[in-house]
Amino acid sequence: MKTKDNTFLLLRTMLRASSRLNILKYSDDRKTKRRMIGGIVGEVILGVVLAGLLIAYAFGLGQAGMGEKLPAMTGVVIFTVSFFLTLLKSGGYLFGSRDYNMLVSMPFEIKQVVSSKFLYMYCNSVIWTTALPIAMLVGYGLSGNLTVGKAVMWIVMMPFLPIIPMLIASAISMIVTMIGARSKNKSMTMVGTIVALIVVIPISFSGFFLSNYVEKVGVTGLMTGVSGIVDMIADFLPGAKWFARAVTEQDILSFILMIVVPVILYELFFLIVSKFYRKINSRLSEGTVKKEKKSVDFSLRSIPAAIAMKEWKRMTGSTTYMVNAFLGEILTVIIGIAALIVGPDTLLSIFLHGAPVTMQMVYPAIPFALYFFLGMVATTCISPSIEGKNYWIIKSLPIAPKDDCKGKAMFNLALMLPTGIFATAVVSIMSGAGVIGTLLNIGVIIALSFFSTCFGLLTGMKHRKLNWQNEVEVVKQGAALTLYLFPNLILAFALMIGSFVLTAARGPAFMQIVQIIVILVLFLVSFIFWKKAVKAAEQF
C-alpha cells in the first residue's frame, strides 16, 4: 500500500504545482488569474463543442439504424486519440524531465516516480478521455439502445479505456528514447519527429478528403462505410473489442478483461521501465555532455544571429517543440509541391470541394489560404518560455532585450519566409496569376510572416512561463500560444473570405489595390507589436 501512497503523493504534488485551479486559488497576480480563468473557459468551451458534435454524430447513427455500432466506435476513437496524443508527448513527460535529479534523490522508488509521471500525463488528457465517451454515451442513449446495465458498464469501463493505448505509445517512445540515448546525438529527436510527422500530416489533410468523400457517397453512405471500418479495426484492438462486447452483449468476461488487463499491463510496464529508467536518463545526460566537448566552429556572429542559432538548436533538440512549431511550414511546402505535381485545379477541388469559386477569385486569396498552415504556430510565442529556468543565463550576459527579441524574430522568419515564398510563388504561377499577381501574393505572405512573428513575440513576452516542469506546458498548453492561435486563425479566415468577396464584386484589379493596402497595414501593425514586445522584454 505504501508504494501506491507514494505514487499518488507524487501525482498529487505535480497536479497541485501545475493546476490552473490551484494557481487561481493562491496567486496574488491579477494577470496570472485572468490567464488561468481564460484557460479554464477555453477548455470548457472546447469540451462542450466537441461533446456536441459527437452527440449529433451518435444521434445520426442511431437514426440510420446503426446505434449498436457506437460502443465499438467509442473504443476505437479513444484508442486512436489516446495513442497519438501520448506518442507526441510521452517522451517529454517520462524521460529527461527537469525534476528528474530531484525526484531520484528522494526516498521514492523509481517505479513510483515514472508511474506518477504516466498518471500525470493521463490526467492532463482527461478532457479528451472523458468528453469523448460521455458524449458517445449520451448519443447511444438517444439512439434508443441504452439500458441501465449498459450505462453502468460503460461508465465503469470508461477510465480504463485509454490505459492500453497510452502504454503502447509510451513503450514506443521508450524504445525511440533508448535508441537516441545510445547514439548520443540528435537521432532520437529526428526519429521521434519523423514518426510524429508521419502520423500528424495525414490527419491534418484528412478533413479535406473526408469532405469530398461525403459529397460523393452522402452522409448515410459515409456512416455505413465508417461503421464497417470501425468493426474491422475493433477486432484488432483488445480494449475496443472488450468494451464493445461488454456493452452490446452484456458480456461479463469482456467487462472483467476491460478492467483487469489494463491494470496488469500497467504494473508490468512500469516494472520493466523502472529497470531501465536511470540508465536512459543517464545516457541522455552523457550524450549532452559529450557533445559539448566536441570541437565547435567559433566563427563570429552578431548577437541576434547567435540567439537565432541557439533557438534552432533548442527546437531540433525536442521532438515536441519541433513537431508543433515546424508542422505548419512542412504542410505549406507539401501544398506547394502538390501544386506542381497535380496542378492547382485539383487542389482547389479538394480544399473547396465544389464551392462556387472561380480561379480568378482564388488568385488574391492564395497567400491567405497558405497562411492557415504557415502561421499555425510562431516560434516567437514559445521561445521566451521554453528557456525556462535557464533564462538567468541570458539575463547575466551583456545582451540587450532588443537583441534577444531580434534573434527570436530572425529564427521564426528564417523558418517562415523561405517556405512561404516557395509555396506562394509555385501555387500563384501554376494558377496563372501573372507576374504582378504573383509578386503581390509574395508581398502579402512576407507581410503576414512579419505579422505572425511580431504578434507571436508580443504574446510570448507578455505571457512568459519559466517555472514549467515539462516543456509540453509551454509548447502545447501555454497561454501565449492560445492567445496567438485563435486571433491569428480568425484573421486568416476573414482575410481569405474577404478576398473572395471583393474579387467577385469588384474584380481582380481592385483586389490588387486592396492587397497593397493589406501589406502596408500588416507591416504597420507588425511594427507596433514589435515595439510593444521589446518593451515587455525590457520590463520582465
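Index from 1, following the sequence.
With rounding to the nearest 0.5 angstrom, the CG atom of Leu483 is 9.5 Å from the CG atom of Leu458. Note that CD1 of Ile429 is 10.0 Å distant from OG of Ser431, once rounded to the nearest 0.5 Å. Taking CE from Met121 and CE from Met166, the interatomic distance works out to 4.5 Å, rounded to the nearest 0.5 Å. The distance from the CZ atom of Phe422 to the CD1 atom of Ile445 is 13.0 Å, given to the nearest 0.5 Å. Rounding to the nearest 0.5 angstrom, the gap separating the CG atom in Leu457 from the OG1 atom in Thr380 is 5.5 Å. Taken to the nearest 0.5 Å, the CG atom of Leu522 stands 12.0 Å off from the CD1 atom of Ile446.
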Validation: residues 329-340 side-chain donor-acceptor distances under 3.5 Å, sequence neighbours left out:
{"from": "Thr332", "atom 1": "OG1", "to": "Gly328", "atom 2": "O", "distance (Å)": "2.7"}
{"from": "Thr332", "atom 1": "OG1", "to": "Leu374", "atom 2": "N", "distance (Å)": "3.4"}

Return a table of donor-acceptor pairs under 3.5 angstrom between the side chains of residues 398-409 and protein atoms on other chains or two or more places apart.
{"from": "Asp404", "atom 1": "OD1", "to": "Lys408", "atom 2": "NZ", "distance (Å)": "2.8"}
{"from": "Asp404", "atom 1": "OD2", "to": "Lys408", "atom 2": "NZ", "distance (Å)": "3.4"}
{"from": "Lys408", "atom 1": "NZ", "to": "Glu311", "atom 2": "OE2", "distance (Å)": "3.4"}
{"from": "Lys408", "atom 1": "NZ", "to": "Glu387", "atom 2": "OE2", "distance (Å)": "2.7"}

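Of all heavy-atom pairs spanning Met416 and Gly375, the tightest one is CE-CA, 4.1 Å. The minimum heavy-atom distance between Ala378 and Cys381, with the atom names listed, is O-SG, 3.0 Å. Of all heavy-atom pairs spanning Ala414 and Pro418, the tightest one is O-CD, 3.2 Å. Taking every heavy atom of both residues into account, Met410 and Pro304 meet most closely at SD-CB, 3.5 Å.
Considering only residues two or more places apart in sequence or on other chains, Ala492 meets the side chain to side chain contact (heavy atoms under 4.5 Å, CB included) condition with Tyr371, Phe372. Not counting sequence neighbours, the partners of Pro133 by the side chain to side chain contact (heavy atoms under 4.5 Å, CB included) test are Thr74, Ile78, Trp154, Met158. Not counting sequence neighbours, the partners of Val81 by the side chain to side chain contact (heavy atoms under 4.5 Å, CB included) test are Val77, Leu85, Trp128, Leu132. The side chain to side chain contact (heavy atoms under 4.5 Å, CB included) test applied to Ile513 returns Ile517, not counting sequence neighbours.
Residue pairs satisfying the salt bridge (charged side-chain N to carboxylate O under 4.0 Å, His left out) criterion with at least one member in residues 495-512, sequence neighbours excluded, are absent. Every pair passing ring pair (Phe, Tyr, Trp, His ring centres under 6.0 Å) that includes a residue from residues 506-525 is listed here, sequence neighbours excluded: Phe450-Phe523. Contacts classified as salt bridge (charged side-chain N to carboxylate O under 4.0 Å, His left out) and involving residues 508-529 (residues at least two apart or in different chains) are not found. Within the structure, side-chain hydrogen bond (donor to acceptor under 3.5 Å, both in side chains) contacts touching residues 441-458 (residues at least two apart or in different chains) are Asn412-Thr453, Ser428-Asn441, Asn441-Gln515, Ser452-Tyr484. Each side-chain hydrogen bond (donor to acceptor under 3.5 Å, both in side chains) pair with one or both residues in residues 519-538, not counting sequence neighbours, would appear here, but there are none.
Checking side-chain atoms of Ser82 against main-chain N and O of Phe79 turns up no donor-acceptor pair under 3.5 Å. Under a 3.5 Å cut-off, the side chain of Thr424 and the backbone N or O of Ile421 do not form any donor-acceptor pair. Using modelled atom types, no side-chain atom of Asn488 and backbone atom of Met376 make a donor-acceptor pair closer than 3.5 Å. Judged by distance alone, the side chain of Arg464 and the main-chain N or O of Ser385 form no donor-acceptor pair under 3.5 Å.
Counting non-hydrogen atoms of neighbouring residues, nucleotides and ligands closer than 6.0 angstrom, the CD1 atom of Ile436 reaches no more than 12 such neighbours.
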Leu415 and Met315: side-chain contact (heavy atoms from CB on, under 4.5 Å), yes or no, with the steps? CA-CA 12 Å; Leu415 297 180; Met315 189 181 78; 4.2 Å; yes

One pair to check against side-chain contact (heavy atoms from CB on, under 4.5 Å): Phe368 and Leu448. What are the steps and the verdict? CA-CA 8 Å; Phe368 304 127; Leu448 285 168; 3.9 Å; yes

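Under the 4.5 Å side-chain criterion, counting only non-hydrogen atoms from C-beta, Tyr122 is in contact with Pro162. Two residues are said to be in side-chain contact when any heavy atoms from C-beta on lie closer than 4.5 Å; Thr379 and Phe326 fail this criterion.
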